[in-house]
Amino acid sequence: MIGYLIFLPLFILLACFAFGQPPAKPQLADTPPMGWNSWKKFGCKIDEILIRETADAFVSSGMRDAGYVYVNIDDCWMAKERDAQGDLQPDPVRFPNGIKALSDYVHAKGLKLGVYSSAGTKTCEGLPASLDHEDADARKFAEWGVDYLKYDNCNNLNRPAPPRYRAMAEALKKTGRPIVFSICEWGSNKPWEWASEVGGYLWRTTGDISDNWQSMTRLLDKQVGLEKYSKQNAWNDPDMLEVGNGSMTDAEYRAHFGLWALLNAPLIAGNDIRSMTPVIKDILMNRDVIAVDQDWGGKQGFKLRADGRSEVWIKPMSDGSRAVILLNRGGSDEPVSIAVTPQELGLPNVSKYRVKNLWTKETKTITKELRAVLTAHNSAMYIVSSSQK
Ligand code: GLA
């Protein structure tokens, strides 16, 4: 009997391998990844000095201590040609000391390094990419100490997406190095249905964001209905943050950051973090808003209702409270009054509810409804709780 008890689990394990069950995905992104990416602000104007200075700024600005970890180099880090062995190599002028030196540098600061390639023959900027070179390229990334790979979709020869992304996920796994795999196929093939299973930890749900209200809200609309696909180690990615890039107002950046946090989006800053104004720092490092992003209450935040320009977005928090965003989407000068009741939030029936405004830090008690009067493109973000503690 005892022998049976010992051998049964072993038998089941062996059977799983024999019948081709994929080994469980390593847990590398229990919470949405946080970091920075070079693309939005710098495009191809990147070099190792920028990456080093950015890593320095993660520390000096307080971003690292606020939870930002990944220093991600996007397109244009690679040389125009592969080397004599057929391997990817860094651009010799812009990255003369190579990627390993950079990963050593960022690791010494308690940070992690990300690079970029495409599941195509070339990157979107026409540089060598990884389709049909998955094993060799993954080995290089691992050898260089890379911790995160953003994997794009340009020049894909119209081959189906899931196998192209699976090939790289498998290649990364084979290296034995924990590397977060970030799938960037722009939401073209409903990646929320397959990206986690092929080995992705996050997947872009849309095309690229731009630094304006229309773009941000257009992407926001595309998140509706995707909340059911999000879980730990499998996050919807509505693209990186434009906060601090200069073309939206501070109020618009607050709405953008709060909404991305409520959606459990990866918080990947896309600005120049070496030169942030105090207001931008306060947005990107708002501990309460970051805590909403990093909290997994079992469900990503979602749109509760919209009424013309008034929208209510909510997220169940793991302690039973609710994160709430009241949003005035419209552009008219006339302020709107937006309200939500504790019943709509799904909170238990009690006589009073505790409310914290996550931007002003003001706390108050409400009984019947939470209401804010908001001017154009303004939002208010709260935690509402039925507990009085
Ligand atoms: C695509 C991606 C962007 C960026 C660029 C780089 O457009 O969606 O996020 O990586 O390529 O060329």
Side-chain angles (χ1 to χ4, degrees), residues 32-47 50-51 54 68 70-81 88 90-91 94-95 99 113-131 133 137 141 146-159 161 164-165 168 172 179-192 195 200-212 214-216 218-220 222-223 226 235-245 247 256 260 263 265-273:
M34 292 176 64
W36 170 88
N37 175 295
S38 55
W39 184 252
K40 285 282 105 182
K41 176 70 187 178
F42 299 100
C44 283
K45 293 199 195 85
I46 52 171
D47 59 24
L50 169 70
I51 304 305
T54 299
Y68 293 85
Y70 293 99
V71 183
N72 291 348
I73 316 173
D74 206 280
D75 206 346
C76 297
W77 61 266
M78 57 284 271
K80 290 194 183 66
E81 305 291 343
L88 284 180
D91 182 293
R94 289 183 288 108
F95 294 89
I99 304 299
L113 189 75
V115 292
Y116 161 101
S117 186
S118 181
T121 52
K122 301 241 180 260
T123 72
C124 299
E125 289 294 320
L127 293 161
S130 300
L131 187 64
H133 293 269
D137 292 358
F141 301 147
V146 164
D147 307 290
Y148 184 112
L149 175 68
K150 173 175 166 184
Y151 205 44
D152 213 336
N153 195 28
C154 279
N155 303 302
N156 60 40
L157 306 178
N158 288 323
R159 280 163 46 180
R164 284 185 291 115
Y165 285 91
M168 181 51 93
L172 291 172
I179 298 178
V180 172
F181 186 44
S182 159
I183 291 182
C184 175
E185 63 75 85
W186 319 312
S188 312
N189 304 278
K190 299 195 176 160
W192 40 88
Y201 290 82
L202 57 157
W203 53 84
R204 282 270 298 275
T205 53
T206 66
D208 291 10
I209 192 169
S210 304
D211 189 13
N212 62 71
Q214 284 66 33
S215 168
M216 188 277 281
R218 193 168 40 80
L219 265 47
L220 177 68
K222 294 192 170 164
Q223 310 314 309
L226 299 186
W235 308 105
N236 287 307
D237 174 7
D239 205 3
M240 60 193 103
L241 299 162
E242 289 281 13
V243 177
N245 277 337
S247 298
H256 173 25
W260 262 230
L263 293 168
L267 296 180
I268 307 291
N271 59 323
D272 187 346
I273 66 165

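Since the model is a prediction, treat every value here as computed from it, not as a measurement. Both ligands and their constituent atoms are indexed starting at 1 by order of listing.
Of the candidates Thr206, Asp208, Asn37, it is Asp208 that places a heavy atom closest to atom 8 (O) of ligand 1.
When Leu241, Val243, Asn245 are each tested for a side-chain contact (heavy atoms from CB on, under 4.5 Å) with Asn271, only one passes: Asn245.
Side-chain N or O atoms of Trp77 include one that pairs as donor or acceptor with a backbone N or O of Tyr116 at under 3.5 Å. Listed for the Thr123 side chain is a donor-acceptor partner under 3.5 Å among the backbone atoms of Glu125.
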Under the criterion side chain to side chain contact (heavy atoms under 4.5 Å, CB included), I'd like the reasoning laid out for Ile46 against Trp39: C-alpha separation, chi angles, the key distance, then a yes or no. CA-CA 9 Å; Ile46 52 171; Trp39 184 252; over 6 Å; no
Decide yes or no on side chain to side chain contact (heavy atoms under 4.5 Å, CB included) for Leu113 and Ile73, but give the supporting numbers first. CA-CA 8 Å; Leu113 189 75; Ile73 316 173; 4.2 Å; yes
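A salt bridge is absent between Asp211 and Lys40: the closest approach of a Lys/Arg side-chain nitrogen to an acidic carboxylate oxygen does not fall below 4.0 angstrom.
Taking a cut-off of under 4.0 Å to the non-hydrogen atoms of Arg204, the atoms of ligand 1 that pass are 8 (O), 9 (O). For ligand 1 and Cys124, the ligand atoms under 4.0 Å from any heavy atom of the residue are 1 (C), 11 (O), 12 (O). In the vicinity of Cys184, heavy-atom distances shorter than 4.0 Å reach the ligand 1 atoms 2 (C), 8 (O). Every atom of ligand 1 is numbered from 1 in the order shown, and the set under 4.0 Å from a heavy atom of Lys150 is 3 (C), 4 (C), 9 (O), 10 (O).
Here the heavy atom of the protein found nearest to atom 4 (C) of ligand 1 is Asp74 OD1, 3.4 Å. The protein atom (non-hydrogen) at minimum distance from atom 5 (C) of ligand 1 is Trp39 CE2, 3.6 Å. Looking only at protein heavy atoms, the nearest one to atom 12 (O) of ligand 1 is Asp75 OD2, 2.8 Å.
Here the CD atom belonging to Gln214 is positioned 12.5 Å from the CG atom belonging to Leu219, to the nearest 0.5 angstrom. Going from atom CG of Leu88 over to atom CG of Asp137 covers 4.0 Å, rounded to the nearest 0.5 Å.
For ligand 1, the polar-atom distance check finds an N/O of Trp186 within less than 3.5 Å of one of the ligand's N/O atoms.
Not a single heavy atom of Thr123 sits closer than 4.0 Å to an atom of ligand 1.
Only the side chain of Asp152 comes within 4.0 Å of ligand 1, judged by heavy-atom distances.
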